[in-house]
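Quick notes on the structure that follows.
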Amino acid sequence: SETSFHVFISKKIDVLPINQTNRTLTGGSELTRVNIAIKNQAKTLNQIGEEIHLPEDLGMHPVLNLDVTLSPRNPKAPGQFGNPVVVPFGKEKEVKRRWKEGNFNVYLSDLIPLDRAIDDTRPSGCADQLVHNNLPTTSIIMCFVDEVWSTLLRSVHSVLNRSPPHLIKEILLVDDFSTKGYLKDQLDKYMSQFPKVRVLHLKERHGLIRARLAGAEIATGDVLTFLDSHVECNVGWLEPLLERVYLNKKKVACPVIEIINDKDLSYMTVDNFQRGIFVWPMNFSWKKIPPEIIKQNKIKETDVIRCPVMAGGLFSIDKKYFFELGTYDPGLEVWGGENMELSFKVWMCGGEIEIIPCSRVGHIFRKDNPYSFPENRIKTIERNLIRVAEVWLDEYKELFYGHGYHLLDQSLNVGNLTQQRELRKKLGCKSFKWYLENVFPDIEAPIMRASGVIINEALGKCISLENTTAVLEECDGGSKSQNFNYTWLKLIKQGDRCLGPVPVVGDLSLYPCDNRNKRLKWLHKLIGVLHPEQMDHLILEHWKQLRCLEANLSGKTLKATVCDSMNPYQKWKFEKYYVG
Ligand code: UD2
Ligand code: MN
């Protein structure tokens with residue numbers, strides 16, 4: 001309660017009163033010795049009457065286990081308690097027919113109560129965690145386009161039923177120009193029974209990113225909490241998120257995203273100890289924290305997990321902070337990449353992304369988007385990612401393009417980036433290198449694919465530059481003119497100039513580097529990574545016929561000539577290869 005502090009000693013529970021005026025904790029009546037942890041610092045009360053001063057920002061009350069669905073009206077209803085639902089005999093066709101309405105089992109969703117109970121899947125200890133009495137209020141923002149009726153309603157009911165009312169300023173349902181009739185008048189009418197729910201019908205398709213911004217613009221709560229429109233919030237989900245934002249407004253708090261099975265609609269818990277990460281070329285993924293790390297650092301199931309990137313759909317962020325950060329890049333279209341953008345921005349500009357294990361929300365994961373994209377889906381997502389890479393990745397954008405060469409070659413119009421780049425400057429954000437080193441040190445991000453001298457198999461000699469002409473010399477690792485970098489974009493670089501063939505003649509010379517100039521690109525299969533003794537061709541792919549770099553028999557000159565797979569004069573090796 002507000003004025004006492006629960007102390008657990010093995011199985012016995014005592015309640016110690018908190019003195020509200022000077023915020024002290026006094027040893028209880030029957031106790032002789034109590035160990036407690038306050039903000040991770042162990043303290044001991046040795047005798048009755050001894051006092052401990054509580055830090056100002058220690059929580060005041062245990063998380064409210066508010067859930068009016070814990071004893072459901074109809075315990076026998078299908079899907080109750082998050083149990084799997086079996087498709088009734090003879091209904092398989094209907095299930096199949098209705099599947100595409102949402103790309104999950106829509107038929108079963110309609111059978112399940114809108115306020116079904118689900119298991120409290122929080123790790124033990126969560127229910128006893130203390131949070132503040134004066135947490136900020138939040139606006140829940142749920143964007144949707146053509147969402148399934150029962151799923152949308154279940155999402156809203158789960159928020160209403162499992163959140164402390166005083167913390168919910170409003171629930172904003174942002175209809176992103178849905179085509180389904182029921183999402184208009186019928187939805188407005190249904191929601192009118194809940195004074196806190198507001199429906200905003202956008203007049204044209206905004207895409208999820210700008211739809212969220214439309215919601216954020218009119219939100220009046222202190223904190224913005226974004227949710228997808230096919231979720232079920234679990235018991236006690238909200239306070240732990242708001243507590244983090246309360247403690248530091250630059251913390252962006254994400255719940256653990258649990259799984260609502262797309263086939264049987266069961267509510268399935270997930271492993272703890274997972275971080276949100278990305279793999280090149282910037283795809284979101286989950287990564288388990290290795291058991292030895294958990295052991296070593298004594299990480300508890302209830303501990304907050306810092307994440308390089310967020311999944312994107314579900315999080316709480318201080319409203320003022322969100323606007324200080326310039327919200328999302330409004331140039332991002334429809335779907336995808338906005339989670340990367342916000343994550344990089346938050347970390348690089350002084351904030352943190354956290355997963356809060358005591359906050360859990362179920363989400364229906366689907367194999368495909370059930371709505372249409374105004375333009376090509378893949379191109380839209382790629383365009384968004386390129387915007388993010390161009391603004392935030394610095395020199396590391398080469399890794400992004402290097403893992404998807406087509407991304408660089410595309411003649412996509414990614415739009416103007418000046419404003420986003422200026423925002424980054426204005427906010428004084430750190431470099432992507434800093435982010436990799438400090439936030440995501442376990443990613444492999446070698447900036448080069450290979451470097452050092454380039455050795456020829458037949459001659460054992462190395463490429464060297466005399467003025468700007470490439471020749472062969474005895475290898476000397478210390479010589480500047482023999483040192484090259486082989487980049488993700490297939491350039492062989494020395495300083496800011498690149499090795500390329502002299503037109504027609506085929507001699508080798510140095511040219512100004514240009515990531516888009518295909519004449520300067522050398523394909524090298526990097527067999528050296530696996531078998532250090534092996535060497536491979538350096539191939540110019542963009543001549544009318546493939547050309548390979550070949551050392552002249554004389555052992556002095558070089559040229560690009562017709563490839564011959566067995567010729568050792570055409571095989572080369574860099575001094576050093578980097579994995580990645
Ligand atoms: C994930 C995120 C999602 C978003 C996306 C990348 C979770 C659980 N979900 O994909 O929130 O970050 O990655 O962009 O982390 N919507 C609109 N207008 C549109 C398209 C979608 O309002 O033009 C709504 C849609 O109805 C849904 C939400 O945006 O409520 C997210 O879309 P999704 O569920 O298709 O994305 P998801 O979960 O596959
Ligand atoms: Mn979703």
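Remember, it's 1-based here, ligands and their atoms both numbered in the order they're listed.
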Answer with yes or no whether Asn339 contacts ligand 1, where contact means a heavy atom under 4.0 Å from a ligand atom. no
When distances are taken from atom 12 (O) of ligand 1, the protein heavy atom at minimum range is Glu338 OE2, 2.4 Å
Can you list the steps and then say if Lys319 with Asp222 is a side chain to side chain contact (heavy atoms under 4.5 Å, CB included)? CA-CA 6 Å; Lys319 189 175 69 188; Asp222 308 318; over 6 Å; no
Do we see a donor-acceptor contact under 3.5 Å between the side chains of Asn83 and Ser266? no
Compare Gly313, Ala211, Ala214 and give the one whose heavy atom is closest to atom 7 (C) of ligand 1. Gly313
In terms of side-chain geometry, is the basic nitrogen of Lys433 or Glu395 positioned less than 4.0 Å from the acidic oxygen of its partner? no
Of all the non-hydrogen atoms in the protein, which one sits nearest to atom 32 (O) of ligand 1, and at what distance? Tyr371 OH, 3.5 Å
Please find out if less than 6.0 Å separates the ring center of Tyr371 from that of Phe177. no
Lys490 NZ/CZ over Tyr405 ring centroid, <6.0 Å and within 45° of normal: yes
Going by the 4.0 angstrom heavy-atom rule, the piece of Arg212 near ligand 1 is side chain
Would you say the side chains of Arg449 and Tyr578 form a donor-acceptor pair under 3.5 Å? no
With heavy-atom distances below 4.0 Å as the criterion, list the atoms of ligand 1 near Gly312. 11 (O), 12 (O), 15 (O)
Apply side chain to side chain contact (heavy atoms under 4.5 Å, CB included) to Thr121 and Tyr267, showing your working. CA-CA 10 Å; Thr121 50; Tyr267 185 100; 4.0 Å; yes
Give me the residue, atom name and distance of the protein heavy atom closest to atom 33 (P) of ligand 1. Arg366 NH2, 3.4 Å
Could you list which atoms of ligand 1 come closer than 4.0 Å to a heavy atom of Asp176? 17 (C), 18 (N), 19 (C), 22 (O), 23 (O)
Which ligand 1 atoms does Gly336 reach within 4.0 Å, using its non-hydrogen atoms? 6 (C), 14 (O)
Charged N to carboxylate O below 4.0 Å: is that the case for Asp110 and Arg98? yes
Does a donor on one side chain sit under 3.5 Å from an acceptor on the other, for Asp67 and Thr69? yes
Could you tell me which atoms of ligand 1, counted from 1 in the order shown, lie closer than 4.0 angstrom to a heavy atom of His230? 27 (C), 30 (O), 34 (O)
Check whether more than 12 heavy atoms from other residues, nucleotides or ligands sit under 6.0 Å from atom CG of Asp185, and answer yes or no. no
Output, by chain and residue number, all protein N/O/S atoms separated from the Mn ion (ligand 2) by less than 2.8 Å. Asp228 OD2, His230 NE2, His363 NE2
Which protein non-hydrogen atom lies closest to atom 31 (C) of ligand 1, naming both residue and atom, and how far is it? Asp228 OD1, 3.4 Å
Enumerated ligand 1 atoms positioned under 4.0 Å from heavy atoms of Asn369: 35 (O)
Sorted by first residue and then second, give each ring pair (Phe, Tyr, Trp, His ring centres under 6.0 Å) pair with at least one member in residues 109-131; sequence neighbours left out. none
Polar contact flag for Pro370 and ligand 1 (N/O pairs, less than 3.5 Å): no
Where is the nearest protein heavy atom to atom 29 (O) of ligand 1: which residue, which atom, and how far? Leu208 CB, 3.6 Å
With Arg377 as the cation and Trp335 as the aromatic partner, state whether NZ or CZ is under 6.0 Å from the six-membered ring centre and within 45° of the axis. yes
Do the rings of His403 and Trp280 sit parallel, tilted or perpendicular, given the 30° and 60° boundaries? parallel
Cys358: which residues meet the disulfide (SG to SG under 2.5 Å) condition with it, sequence neighbours left out? Cys126
Could you work out, with ring-ring contact (aromatic ring centres under 6.0 Å, His included) as the rule, every residue matching His363, not counting sequence neighbours? His230, Phe365
Whether Phe440 and Phe278 hold their rings parallel, tilted or perpendicular, with breakpoints at 30° and 60°: perpendicular
Work out whether the distance between some heavy atom of Met142 and some atom of ligand 1 is less than 4.0 Å. no
Run the numbers for me: atoms of ligand 1, each under 4.0 Å from some heavy atom of His363, listed by number. 8 (C), 38 (O)
Using heavy atoms and a 4.0 Å limit, tell me yes or no: is His206 in contact with ligand 1? no
Any idea which part of Phe284 is under 4.0 Å from ligand 1, heavy-atom wise: side chain, backbone, both or neither? neither
Which residue and atom name correspond to the protein heavy atom nearest atom 10 (O) of ligand 1, and how close is it? Trp335 CZ2, 3.4 Å
Does any N or O atom in Cys143 lie less than 3.5 angstrom from one in ligand 1, N or O only? yes
Give yes if a backbone or side-chain nitrogen or oxygen of Val145 is under 3.5 Å from a nitrogen or oxygen of ligand 1, and no if not. yes
